[in-house]
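Because only heavy atoms are used, hydrogens play no part in the values below, and waters and symmetry mates are left out as well, while side chains stay in.
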Amino acid sequence: MKKSPLLLLPLIPAAAASAQERPNVVLILADDMGYSDLGCMGSEIETPNLDELARQGVLMTNFCNVSKSCPSRAALLTGLYSWRAGMGAMTNHGSTIPAYQGYLNENCVTIAEVLKESGYSTYISGKWHVGDAEQYWPEHRGFEQTFHIPNGGGVYFYPSLFPQRQDRLIYRNGEQVSPEPGWYSTDGFGQMAAEFIRRPENRQKPFFLYVPFIAPHYPLQAKPGDIEKYRGRYDAGYDAIRTARFKRQQEAGILDPSFEISAPEYPDWESLSDEKKARESLRMAVYAAQIDCIDQNVGRIVSTLKEEGLYENTVIIFLSDNGAVMHHFDDTPDRPYGGPDCWASVGIWQNVCNTPFRQGKGREFEGGIKTPLIISWPAGFRRSGYMVKDYAHITDVLPTIIELTGSKYPREYNGHAIQPLDGRSIIPLLKGRHINRNRPLFFEHMGWKGMRQGRWKLVRKADADNWELYNLKRDPYETRDISQERKCRTRRMARKWEKWASEVGVEPWPLSH
């Protein structure tokens with residue numbers, strides 16, 4: 001990735017812009033994809049379409065999420081910390097506590113609601129997961145055309161063979177649909193996204209398309225041809241793949257070469273039996289195939305935009321909701337990974353997926369809260385790639401889209417007062433300016449706590465009594481806790497976290513009601 005200056009063309013105010021001038025917006029979300037899982041982030045997984053978007057646009061390598069699916073999606077769609085939007089935890093943790101009710105509340109607006117008011121057509125194709133009951137579906141949150149799984153996903157081949165996913169039904173504009181047997185969700189969502197792009201009205205008015213894929217969330221299920229592409233590629237084992245990724249990250253300028261990688265969270269490969277090695281190699285091959293399929297469908301979306309003459313003036317944003325999953329399970333050990341009867345996770349490989357960081361999804365270490373963001377706009381950005389290393393947050397996506405489209409964030413919507421944004425536009429960062437370098441960011445999920453401010457990172461494990469403190473400038477992979485050496489700073493940051501938690505409605509975990 002070439003680190004060259006970026007030029008952003010002047011933004012066009014909504015009131016003065018024609019439909020052709022205002023950019024379309026395609027927002028693509030991966031589910032549980034790790035920090036290093038794209039080719040442009042050091043991976044051996046083949047992602048040429050996403051790599052090309054990064055080369056011609058902007059790659060943000062220090063982008064923070066909310067560490068878990070539902071809260072991240074709420075923050076992405078509303079520009080608010082998830083507690084303010086009613087999604088402090090998961091939809092299945094619905095509570096009488098407003099911050100944890102399990103669906104988006106009426107004091108927030110989604111990207112779709114904002115852009116619809118601004119004259120955009122609005123579409124969704126993918127996983128919703130911010131309100132399971134019908135009255136909270138995307139049809140009621142600004143999306144005019146919908147194709148979605150309302151709840152947690154985890155479905156690839158349709159219908160699912162597993163009881164815990166048989167309630168994952170698919171709806172088109174509020175009506176249940178039944179795809180043909182063998183339907184694969186990543187392709188299905190990509191195909192419908194392409195159909196939405198081809199709608200005739202997109203030639204008269206701009207559109208917003210949200211494509212939240214299920215992949216690479218467990219279970220490990222992929223198309224046979226995609227799996228074969230990666231079969232044997234992981235025979236060298238955990239450490240060899242992680243080390244190679246780390247080296248490529250350093251060579252690409254993503255990571256500072258003066259720092260050593262964090263300690264491994266996997267066993268020595270040679271300690272495994274040959275049978276176990278073969279099974280572990282296949283496990284990661286299936287995971288890679290799931291990501292490869294995402295990239296294929298990003299390519300489908302890009303090709304459709306080009307065919308329709310819409311590509312140049314379309315902003316494409318790609319990110320993941322959190323790091324690779326920490327759940328290490330294989331509930332179908334008598335079956336090979338990859339088929340519709342497999343129920344397993346990526347397992348110990350998550351530490352490779354999240355190279356170079358510690359831990360992953362649901363944790364407030366960097367492996368859980370940090371994944372890349374790609375943003376491309378051919379008509380607005382210089383074609384040469386640009387890498388942004390300043391940190392930003394998933395709540396920043398909505399205000400950035402508002403600025404790019406010349407839209408307006410409301411103070412009131414449908415008779416309800418709307419809370420002020422927590423996020424900030426990242427347009428100055430895209431212009432090469434350094435802003436908000438001391439901006440505090442706060443994290444919490446089911447008892448795990450975290451805060452970042454400048455170089456300082458505070459973490460508290462769910463079962464711990466004390467905070468840990470890290471200097472990310474000198475220790476970017478959180479390998480040395482210095483809380484005892486910097487007690488005053490630790491206390492100051494902890495007080496700030498407590499104040500923030502009280503303001504947004506964070507409750508002790510587990511919830512009391």
- request: Decide yes or no for S95 and E507: does some side-chain heavy atom of the first lie under 4.5 Å from some side-chain heavy atom of the second?
  value: no
query: With a 6.0 Å cut-off on ring centres, are F143 and W137 close enough?
result: no
query: Going by an N to O cut-off under 4.0 Å, is there a salt bridge joining R480 and E485?
result: yes
query: Knowing that exactly one of R489, R437, K496 qualifies, which makes a side chain to side chain donor-acceptor pair (under 3.5 Å) with Q453?
result: K496
task: Could you tell me whether the side chain of N471 and the main chain of D475 form a donor-acceptor pair under 3.5 Å?
output: no
- line: When every non-hydrogen atom of S320 is compared with those of N65, the smallest separation belongs to O-ND2, 4.1 Å
query: Does some side-chain heavy atom of N107 sit less than 4.5 Å from a side-chain heavy atom of R84?
result: no
query: So, do F357 and Y35 have ring centers that fall under 6.0 Å from each other?
result: yes
task: Check whether any side-chain N or O of D481 sits under 3.5 Å from a backbone N or O of L469 as a donor-acceptor pair, and report yes or no.
output: yes
query: Can you name the one residue among I374, I394, I369, V388 that meets side chain to side chain contact (heavy atoms under 4.5 Å, CB included) with F63?
result: I394
message: Taking R141 first and then E113, would you say they form a salt bridge - that is, a charged N and a carboxylate O separated by under 4.0 Å?
response: yes
- prompt: What are the two closest non-hydrogen atoms of F213 and T186, and how far apart are they?
  reply: CE2-O, 3.4 Å
- prompt: Is the backbone N or O of Y266 less than 3.5 Å from a side-chain atom of N351, with the two atoms forming a donor-acceptor pair by type?
  reply: no
query: Shortest non-hydrogen contact from C70 to M90?
result: SG-CE, 3.6 Å
message: For a quick check under 3.5 Å, do S262 and R242 share a side-chain donor-acceptor pair by atom type?
response: yes
Note: K473-D256 ion pair, threshold 4.0 Å (strictly below): no
query: Step by step, would you call D396 with R439 a salt bridge (Lys or Arg N to Asp or Glu O under 4.0 Å)?
result: CA-CA 12 Å; D396 299 337; R439 170 190 179 185; 2.9 Å; yes
- prompt: Of the non-hydrogen atoms in A324 and N354, which two are nearest, and what is the gap between them?
  reply: N-OD1, 3.0 Å
query: Any side-chain heavy atom of L77 sitting closer than 4.5 Å to one from L398?
result: no
Whether D51 side chain and L38 backbone form a donor-acceptor pair below 3.5 Å: no
- prompt: For the residue pair W377 and F381, does the interplanar ring angle fall in the parallel (under 30°), tilted (30 to 60°) or perpendicular (over 60°) class?
  reply: perpendicular
- prompt: Would Q249 and T355 count as having a side-chain donor-acceptor pair, cut-off 3.5 Å?
  reply: no
query: Would you say Y103 and T91 make side-chain contact, with heavy atoms under 4.5 Å?
result: no
task: Could you check if a side-chain atom of P138 sits within less than 4.5 angstrom of a side-chain atom of I124, using non-hydrogen atoms only?
output: yes
message: For the CD atom on E412, are there more than 12 heavy atoms of other groups (residues, nucleotides or ligands in this structure) within a distance under 6.0 Å?
response: yes
message: With a 4.0 Å cut-off on N to O distance, would you call E478 and K457 a salt bridge?
response: yes
Minimal non-hydrogen separation, S125 against P212, with atom names: O-CD, 3.4 Å
field: Salt bridge R248-E44, side-chain N to carboxylate O under 4.0 Å
entry: yes
- line: Between K408 and V114 the two heavy atoms that sit nearest each other are O-CG1, 3.6 Å
- request: Check whether any side-chain heavy atom of L76 sits under 4.5 Å from a side-chain heavy atom of V66, and report yes or no.
  value: no
task: Kindly compute the distance separating CG (D321) from CZ (R73), expressed to the nearest 0.5 Å.
output: 4.5 Å
message: For a 4.5 angstrom cut-off between non-hydrogen side-chain atoms, does Y470 reach I482?
response: no
task: Examine W467 together with W497 and report whether their ring centres are nearer than 6.0 Å.
output: yes
- prompt: Does the salt bridge (Lys or Arg N to Asp or Glu O under 4.0 Å) test come out yes or no for R495 and E498, once each step is laid out?
  reply: CA-CA 5 Å; R495 285 195 295 267; E498 295 290 348; over 6 Å; no
statement: Exactly one of Q290, H217, K127, H129 clears side chain to side chain donor-acceptor pair (under 3.5 Å) with D31, and that residue is K127
field: Side-chain donor/acceptor of Y409 to backbone N/O of P420, under 3.5 Å
entry: no
query: Is the CD atom of E251 crowded by more than 12 outside heavy atoms at less than 6.0 Å?
result: yes
statement: Value for CG (N62) from OG1 (T371), rounded to nearest 0.5 Å, stands at 11.0 Å
message: Keeping T122 on the side-chain end and G142 on the backbone end, is there a donor-acceptor pair under 3.5 Å?
response: yes
query: Quick check, are the ring centers of Y238 and W349 under 6.0 angstrom apart?
result: yes
task: Flag the pair V130 / Y136 as yes when at least one side-chain heavy-atom distance between them is below 4.5 Å, and no otherwise.
output: no
